[in-house]
Trainee: 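Dumping the structure here so I can ask a few things about it.
Worth knowing before you read on, the calculation uses all heavy atoms, side chains too, and leaves out hydrogens, waters and symmetry mates. All residue numbers in this chain count up from 1 along the given sequence.
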Amino acid sequence: MSIISRLCIAGYRSLRDVRLEIGTLTVVTGANGSGKSSLYRALRLLADVAQGRAIQSLAMEGGLPSVLWAGPEAISRAMKAGVQPVQGAVRRSPVSLKLGFSSDSYGYAIDLGLPPPVPRSRFDRDPEIKTESLWTGLLLGRSNVFAQRKGPSVSVRDREGAWRPAFTQLKPYDSMLTHCSDPRDAVELLMLRESMREWRFYDHFRTDGDAPARRRQIGTRTPILASDGADLAAAVTTIQEVGDEKGLNAAIADAFPGASLDVRDADGLFEIEMRQHGLLRPLGAAELSDGTLRYLLLVAALLSPRPAPLVVLNEPETSLHPDLLPALARLIAAASASSQIIVVSHAAELVAALEEAGAKRIVLEKQLGETVAADEVRPAWNWPSR
């Protein structure tokens, strides 16, 4: 599948109506409170749809009412100009949280809303999936949809282009991605679901004294680093044996001239060891600085022998010395040859280095509590109707 070109979010926290063009390598930046974290969380929520966890993920954030846009449904020019106070009005559209993306090949969107007031349920705080659509190309239209969901009913196009019902009683908390993927008649749904399930998110690796990456772990083949980095030593060993060992060595030398990385095997228990110029013995994981350990974790994540369709890094610069940021940017840029990468960062040095390496930069800012990308041209987008 091709890379994602358009990312659209509506009704999630400060993201009232954000529409972005993204590239193979994109860095999202902005001041504190501009909405970067909300964008990252929205992407994770979108990925959770393919895992069948969207409703549970929203519950962990306090439920749908806690994550909905808290401002007025529409912001007038008079409000923006300060002539009229920001105030609500009679709502014209149903309450909804919408997530979507598209590429040159395909697009997908989902609309979550509130459950009906009757019949009553103890789970009436759970949102419902109101509609979903899967289409070909960048923009949803009448003729290019090949799978759609309206309430409990799902229809897909067969190979002759005719519509057929796939489900008629899909539960409001189940996605058509997880329940209607059919390798015979709905292979597109299956392919999209599996692609989204391979998305990877790395957010604030722990590097404190009790961090999982500092402890010895039983070593097994690990082509994908865990989100908490616990299997770092096994992931590095896997890269050395079946992955890009030269790239691994180059990434270490780029950040720490004269240093080398190895893994100690103590009867099946693996531990990272790093030799540094001037030291008589290697340093174990427990002895490494927070910044050094975090950089090693990012190296293992980005040099995976099994590249992901999409990798999202949230503030990877945390704990890193500014001198390491150019090396990190080069590492990320090299990894973008195999995976589409989105970096969320407020480190000016990293943003500048990524931009110099060819990344598309998106700057978020707040206007009347709403996150906007003021310098970006909003791409065309159509949401599926309920």
Trainee: What's the spacing between Cys180 SG and Gln148 CD if we round to 0.5 Å?
Mentor: 12.0 Å

Trainee: Can Ile332 be reached from Val27 by stepping across I, L, V, M, F, W or Y side chains whose heavy atoms are under 4.5 Å apart?
Mentor: yes

Trainee: Any side-chain heavy-atom pair from His204 and Asn314 closer than 4.5 angstrom?
Mentor: yes

Trainee: Enter the distance from Glu21:CD to Leu138:CG here, rounded to the nearest 0.5 Å.
Mentor: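 Reported to 0.5 Å precision, the distance equals 7.5 Å.
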
Trainee: Run the side-chain hydrogen bond (donor to acceptor under 3.5 Å, both in side chains) test on Ser155 and Lys150 for me, step by step, so that the C-alpha distance in whole Å, both residues' side-chain angles and the decisive distance to 0.1 Å come before the verdict.
Mentor: CA-CA 9 Å; Ser155 300; Lys150 301 283 188 180; over 6 Å; no

Trainee: Between Arg378 and Asp17, does any NZ, NE, NH1 or NH2 come within less than 4.0 Å of an OD or OE carboxylate oxygen?
Mentor: yes

Trainee: Identify whether Val18 and Leu310 are in the same connected component of the hydrophobic contact network (ILVMFWY, side-chain heavy atoms under 4.5 Å).
Mentor: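 Same hydrophobic cluster.
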
Trainee: Please find the pair of heavy atoms, one from Leu331 and one from Ala251, that lie closest to each other, and give the distance.
Mentor: CD1-CB, 4.1 Å

Trainee: What are the two closest non-hydrogen atoms of Tyr202 and Ser227, and how far apart are they?
Mentor: CE2-CA, 4.1 Å

Trainee: Tell me, yes or no, whether the heavy-atom count around Glu356 atom CD, taken from other residues, nucleotides or ligands under 6.0 Å, exceeds 12.
Mentor: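 For Glu356, atom CD is not crowded (no more than 12 foreign heavy atoms under 6.0 Å).
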
Trainee: Using distance alone, with no hydrogens and no angle criterion, decide if Ser2 and Asp104 have a side-chain donor and acceptor under 3.5 Å apart.
Mentor: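 Per modelled atom types, Ser2 and Asp104 side chains form no pair under 3.5 Å.
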
Trainee: Are Leu46 and Val343 co-members of a hydrophobic cluster defined by side-chain heavy atoms under 4.5 Å apart?
Mentor: no

Trainee: Considering non-hydrogen atoms only, spot the tightest contact between Thr371 and Gly35 and give its length.
Mentor: OG1-CA, 3.5 Å

Trainee: Between Asp174 and Ile129, does the side chain to side chain contact (heavy atoms under 4.5 Å, CB included) criterion hold? Intermediate values first, please.
Mentor: CA-CA 7 Å; Asp174 289 330; Ile129 301 174; 6.0 Å; no

Trainee: Are any side-chain N or O atoms of Lys36 and backbone N or O atoms of Val363, one a donor and one an acceptor, separated by less than 3.5 Å?
Mentor: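 Here the side-chain-to-backbone pair does not exist.
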
Trainee: Test: side chain to side chain donor-acceptor pair (under 3.5 Å). Region: residues 255-276. Which pairs qualify, not counting sequence neighbours?
Mentor: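 Of all non-adjacent pairs touching residues 255-276, those that pass side chain to side chain donor-acceptor pair (under 3.5 Å) are Arg216-Glu271.
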
Trainee: Check step by step if side chain to side chain contact (heavy atoms under 4.5 Å, CB included) holds for Leu7 and Leu39.
Mentor: CA-CA 10 Å; Leu7 174 64; Leu39 184 70; 4.1 Å; yes

Trainee: Val145 vs Leu134, test: side chain to side chain contact (heavy atoms under 4.5 Å, CB included). Steps then yes/no.
Mentor: CA-CA 6 Å; Val145 180; Leu134 182 60; over 6 Å; no

Trainee: Any chance you could measure Asp203, atom CG, to Ser37, atom OG, to the nearest 0.5 Å?
Mentor: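 Between atom CG of Asp203 and atom OG of Ser37 there are 8.0 Å.
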
Trainee: Between Glu198 (side chain) and Ser195 (backbone), is there a donor-acceptor pair under 3.5 Å?
Mentor: no

Trainee: What I'd like to find out is whether the side chain of Leu43 reaches to under 4.5 Å of the side chain of Val344, using heavy atoms alone.
Mentor: no

Trainee: Salt-bridge test for Glu61 and Arg44: reply yes if a basic N is under 4.0 Å from a carboxylate O, no otherwise.
Mentor: no

Trainee: To the nearest 0.5 Å, tell me how far Ile362 CD1 sits from Leu20 CG.
Mentor: 4.5 Å

Trainee: For a 4.5 angstrom cut-off between non-hydrogen side-chain atoms, does Ser103 reach Ile3?
Mentor: no

Trainee: Would you mind reporting whether Pro257 and His277 have side-chain heavy atoms less than 4.5 Å apart?
Mentor: no

Trainee: Taking only residues two or more places apart in sequence or in another chain, which ones pass ring pair (Phe, Tyr, Trp, His ring centres under 6.0 Å) with Trp381?
Mentor: Trp135, Trp383

Trainee: Is there a side-chain contact between Cys8 and Lys98 in this structure, where contact means two heavy atoms from C-beta onward sitting under 4.5 Å apart?
Mentor: no

Trainee: Work out which heavy atom in Ala47 is nearest to a heavy atom in Phe201; give both atom names and the distance.
Mentor: CB-CE1, 3.6 Å

Trainee: For Ile4, does its backbone N or O pair with a side-chain atom of Gln340 as donor and acceptor, under 3.5 Å?
Mentor: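 Yes; judged by distance alone, with no hydrogens or angles, the pair exists.
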
Trainee: Which residue pairs satisfy the ring pair (Phe, Tyr, Trp, His ring centres under 6.0 Å) criterion with at least one member in residues 144-188, sequence neighbours excluded?
Mentor: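 Residue pairs with at least one partner in residues 144-188: there are none.
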
Trainee: Considering only heavy atoms from C-beta outward, does the side chain of Leu328 approach that of Pro316 to under 4.5 Å?
Mentor: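 Of all side-chain heavy-atom pairs linking Pro316 with Leu328, at least one is under 4.5 Å.
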
Trainee: Examine Leu25 and Ile22 and state if one hydrophobic cluster contains both, with Ile, Leu, Val, Met, Phe, Trp and Tyr joined whenever side-chain heavy atoms are less than 4.5 Å apart.
Mentor: no

Trainee: Which residue pairs satisfy the side chain to side chain donor-acceptor pair (under 3.5 Å) criterion with at least one member in residues 342-353, sequence neighbours excluded?
Mentor: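 For residues 342-353, and leaving out neighbouring residues, the side chain to side chain donor-acceptor pair (under 3.5 Å) pairs sorted by first residue read Glu315-His346, Glu317-Ser345.
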
Trainee: Looking at Arg19, Lys360, Arg6, which hits salt bridge (Lys or Arg N to Asp or Glu O under 4.0 Å) with Glu376?
Mentor: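 Considering Arg19, Lys360, Arg6, a salt bridge (Lys or Arg N to Asp or Glu O under 4.0 Å) with Glu376 is found only for Lys360.
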
Trainee: Could you report the tightest heavy-atom contact between Thr222 and Ala234, atom names first, then the distance?
Mentor: OG1-CB, 3.3 Å

Trainee: Is it the case that more than 12 heavy atoms not belonging to Arg221 sit under 6.0 Å from its CZ atom?
Mentor: no

Trainee: Look at atom CG of Leu139 and say whether more than 12 heavy atoms of other residues, nucleotides or ligands are closer to it than 6.0 Å.
Mentor: yes

Trainee: Using atom types as modelled and distance alone, determine if a side-chain donor or acceptor of Lys130 lies under 3.5 Å from a backbone N or O of Pro172.
Mentor: no

Trainee: Give me each pair satisfying side chain to side chain donor-acceptor pair (under 3.5 Å) with a member in residues 229-257, each pair once, sequence neighbours excluded.
Mentor: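 Every pair satisfying side chain to side chain donor-acceptor pair (under 3.5 Å) with a residue in residues 229-257: Asp254-Arg330.
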
Trainee: Under 3.5 Å, side chain of Asn382 to main-chain N/O of Leu140, donor-acceptor pair present?
Mentor: yes

Trainee: Got a donor-acceptor contact below 3.5 angstrom from the Asn144 side chain to the Thr136 backbone?
Mentor: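 Side chain of Asn144 to backbone of Thr136: a pair is present.
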
Trainee: Is Leu350 linked to Leu293 within one hydrophobic cluster, defined over Ile, Leu, Val, Met, Phe, Trp and Tyr using a side-chain heavy-atom separation of less than 4.5 Å?
Mentor: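 Yes; tracing contacts between hydrophobic side chains, which count when under 4.5 Å, links both residues.
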
Trainee: Determine which pairs satisfy side chain to side chain donor-acceptor pair (under 3.5 Å) with at least one residue from residues 289-312, sequence neighbours left out, and list them in order.
Mentor: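 Found Arg200-Ser304, Arg214-Asp290, Ser289-Thr292.
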
Trainee: Is any side-chain heavy atom of Leu364 closer than 4.5 Å to one of Val372?
Mentor: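 When only atoms from C-beta onward are counted, Leu364 and Val372 do not touch, as no gap falls below 4.5 Å.
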
Trainee: Taking all non-hydrogen atoms of both residues, which atom of Ala226 and which atom of Phe205 are closest, and how far apart?
Mentor: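 Answer, listing the atom of Ala226 first, then Phe205: O-CE2, 4.1 Å.
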
Trainee: First locate atom CG of Leu261, then atom CZ of Phe256, and finally report the distance between them rounded to the nearest 0.5 Å.
Mentor: 9.5 Å

Trainee: For Ile341, does its backbone N or O pair with a side-chain atom of Ser339 as donor and acceptor, under 3.5 Å?
Mentor: no

Trainee: When rounded to the nearest 0.5 angstrom, what is the spacing between CZ in Arg53 and CG in Asp48?
Mentor: 4.5 Å

Trainee: Could you check whether atom NZ of Lys366 has more than 12 heavy atoms from other residues, nucleotides or ligands sitting under 6.0 Å from it?
Mentor: yes

Trainee: Between Thr131 (side chain) and Arg149 (backbone), is there a donor-acceptor pair under 3.5 Å?
Mentor: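 Checking the backbone N and O of Arg149 against the side chain of Thr131, a donor-acceptor pair under 3.5 Å is found.
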
Trainee: How far apart are the C-alpha atoms of Leu296 and Ile252, what are their side-chain angles, what is the distance that settles it, and do they pass the side chain to side chain contact (heavy atoms under 4.5 Å, CB included) test?
Mentor: CA-CA 8 Å; Leu296 297 182; Ile252 300 303; 3.4 Å; yes

